[in-house]
Amino acid sequence: MSDLSVVEDVDQFQRDYWLVRPDPMSHTAFARTLTVPDSEDEHGRQDPYDPKSHPGQWHVVQALDGIVNNEPAPRRYRRFLLITDAQGGGKSWLLQQVIFHGLIELGNDVLWALPTKGMAGDLWNLKLRPAWEGAGLGVYLPTSGSGSRGSSSPRSVRTRRIDGRGGGTLVFMSSGGRGQSGQAGLTAKRLAVDELSDWDKAAYTRIRKRVSRWNEIAVEIYGSTLKLDQSDLTLAIYEEGTRARVEYRCIHCKGWTPFQWKTWVGGEDPHVSCIACAAIINGADRLKMMAEHRLSQEDPNRDIFSIMLTALDCPWKSFAWLAAGEESAARAEKRGDFEPMRTFHHDERVQIYEEPQPEGELSTKLLADRSSTSNITKRIVPAWVKFLTIAQDPGKGVHYWQVMGHGDGDRWAMIDWGYERTVEWVDGKMKREPNDEDHVHVLNLIRDKANEGWQVEGTDRKMCPVQRGIDIGYKMKLIVAWLAGEPEWKAVRG
């Protein structure tokens with residue numbers, strides 16, 4: 001056998017058995033090959049996916065390909081954050097597209113990070129697997145073993161390799177994870193983090209290490225709704241990023257305008273206004289304007305591509321529906337039931353909610369009002385302050401905290417204050433009973449805030465509290481156990 005025949009045999013072997021992987025499609029091209037889950041007509045036919053069906057989602061898909069407004073992006077983003085309204089921004093479907101693309105087009109392993117361990121089983125069986133099958137990708141799912149039909153709570157799912165495509169493994173992780181030592185062996189080129197608002201900073205930092213070895217080729221994407229009024233990690237990361245919003249072509253002046261809640265008017269004739277010409281934009285105008293849009297970024301040269309979408313950016317949430325929801329929440333607020341309005345702010349407006357309080361009560365609202373009339377700026381440490389103290393008061397549904405600044409003699413000032421909810425609230429009630437993990441999560445949130453410190457007036461320096469106290473009148477055993485690992489915090493009573 002000649003040397004040439006040997007080479008030809010090897011090439012044939014590779015063609016027949018190794019199946020050279022075809023060039024991967026772009027994210028936008030790949031998205032167009034999918035069908036939309038739950039879109040069956042009476043004949044069982046599903047609609048093809050059109051990325052332009054949701055303006056905000058379209059811009060994120062383009063940015064994943066290094067494109068902004070149909071032009072090359074000023075830099076190639078590797079970290080992406082999508083903050084959306086609830087059930088409207090396409091957050092979950094977008095995360096799934098990124099996961100599908102990595103597993104099938106690139107053959108990469110992908111980590112899907114979830115807030116809690118118990119979410120993986122339900123997410124896979126009730127949402128992710130049906131979405132794969134509904135998108136026309138069921139052929140890549142395993143036929144036996146973990147992730148196959150009938151299996152429960154998979155830790156990982158290896159996709160089938162067909163004609164050179166597929167072959168990547170999806171690994172589920174949680175903020176608690178399998179322990180830091182177990183997580184240390186798991187690495188991947190893609191990381192998708194769901195509901196970032198449910199994560200504390202320590203867990204977020206830890207999970208990012210799973211892709212750090214791949215440096216510039218790794219892709220991280222985070223999706224979240226807004227859940228907390230104070231110390232929301234999602235908002236902090238959004239501010240670190242490009243801070244993108246979608247703008248639309250005004251049908252009146254032909255200028256560009258975002259749909260902003262500060263121009264929103266509810267009631268019987270709900271509308272927003274163009275920020276360029278102040279013309280009224282009703283519901284019908286809004287849908288027409290969504291056909292022509294562009295991306296506006298406050299700082300496009302940041303490392304993180306961050307974008308925020310509200311219910312005003314969602315084409316299937318009508319102005320009439322939003323106005324009715326706001327009106328119902330406003331009636332509840334007048335009765336002293338603040339949760340419906342809080343939910344409306346988080347889920348639709350994607351804004352922090354300031355809870356109104358009766359006149360004279362020492363509350364977050366009253367403190368904010370008094371702060372606005374003083375010469376002390378909230379969250380800024382005056383130059384005369386020598387040291388800070390922080391105290392927190394845990395309760396069943398809420399942990400309150402406040403930071404004091406101390407100067408010479410008896411001089412003092414309240415620097416910052418707030419609270420963290422242990423679980424989600426709906427219609428004025430806790431959605432479920434908080435467990436020990438919920439309380440530890442909030443304790444860690446407040447600890448991380450103290451460790452980050454507060455900006456000192458007129459400097460680039462931050463000051464951290466030197467004295468830290470926590471009331472142990474509630475959940476004493478749990479808090480004492482937590483304090484064992486936090487020597488900077490001291491137990492107090494009363």
Side-chain angles (χ1 to χ4, degrees), residues 54-56 83-91 195 197 224-230 232 234-235 245-248 250-252 257-275 277-290 293 308-359 361 363-366 368-369 372 397-398 418-419 421 423-432:
H54 192 296
I83 306 177
T84 73
D85 54 307
Q87 306 298 321
K91 169 183 65 67
E195 289 303 340
S197 281
S224 192
T225 51
L226 185 64
K227 295 186 176 180
L228 302 174
D229 286 327
Q230 307 285 341
D232 196 299
T234 305
L235 292 178
R245 295 292 182 100
V246 180
E247 295 181 340
Y248 307 88
C250 177
I251 63 173
H252 303 287
T257 181
F259 296 142
Q260 293 187 340
W261 284 100
K262 68 180 182 181
T263 70
W264 164 257
V265 176
E268 296 182 358
D269 183 24
H271 61 267
V272 293
S273 299
C274 172
I275 64 171
C277 68
I280 288 178
I281 300 169
N282 60 31
D285 295 336
R286 165 183 172 245
L287 292 179
K288 293 177 182 177
M289 289 171 59
M290 283 187 167
H293 47 82
M308 182 180 292
L309 306 171
T310 78
L312 298 179
D313 297 298
C314 178
W316 48 84
K317 289 185 177 180
S318 70
F319 276 2
W321 182 84
L322 290 171
E326 183 181 46
E327 183 178 353
S328 175
R331 289 197 297 267
E333 187 179 49
K334 289 181 179 179
R335 298 192 304 266
D337 181 1
F338 305 127
E339 287 311 310
M341 186 59 79
R342 185 186 311 280
T343 299
F344 187 84
H345 272 67
H346 290 180
D347 290 357
E348 313 303 344
R349 300 177 73 109
V350 192
Q351 293 176 351
I352 289 175
Y353 174 63
E354 283 290 346
E355 184 176 300
Q357 298 288 339
E359 184 65 29
E361 287 194 9
S363 60
T364 298
K365 176 65 174 174
L366 185 60
D369 292 341
S372 66
V398 176
Y419 60 86
R421 292 185 179 274
V423 294
E424 185 178 355
W425 288 54
V426 177
D427 296 331
K429 298 180 180 179
M430 290 185 292
K431 196 170 182 178
R432 60 175 175 81

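We're numbering straight along the sequence, starting at 1.
Between Leu235 and Met308 the shortest side-chain heavy-atom distance falls below 4.5 Å. Between Val246 and Leu309, some side-chain heavy-atom pair lies under the 4.5 Å cut-off. Side-chain contact check for Leu322 versus Trp261: some heavy-atom pair is nearer than 4.5 Å.
The pair Arg421-Glu339 meets the salt-bridge criterion, since a charged nitrogen lies less than 4.0 angstrom from a carboxylate oxygen.
Remark: Asn282 engages Ala284, Asp285 in a side-chain contact (heavy atoms from CB on, under 4.5 Å) (not counting sequence neighbours). Residues that satisfy the side chain to side chain donor-acceptor pair (under 3.5 Å) test with Thr257, not counting sequence neighbours, are absent from this structure. Every residue two or more places apart in sequence or in another chain was checked for a side chain to side chain donor-acceptor pair (under 3.5 Å) with Trp321, and none qualifies. Looking at residues two or more places apart in sequence or on another chain, you find a salt bridge (Lys or Arg N to Asp or Glu O under 4.0 Å) between Glu195 and Lys91, Lys227. Take Lys288 and apply the salt bridge (Lys or Arg N to Asp or Glu O under 4.0 Å) test, not counting sequence neighbours, and it matches no residue.
His271 contributes a side-chain N or O that, together with a main-chain N or O of Asp269, makes up a donor-acceptor pair within less than 3.5 Å.
In this structure, Phe319 has its ring center closer than 6.0 angstrom to the ring center of Trp264.
For residues 322-332, the salt bridge (charged side-chain N to carboxylate O under 4.0 Å, His left out) pairs, not counting sequence neighbours, are Glu326-Arg349, Glu327-Arg331.
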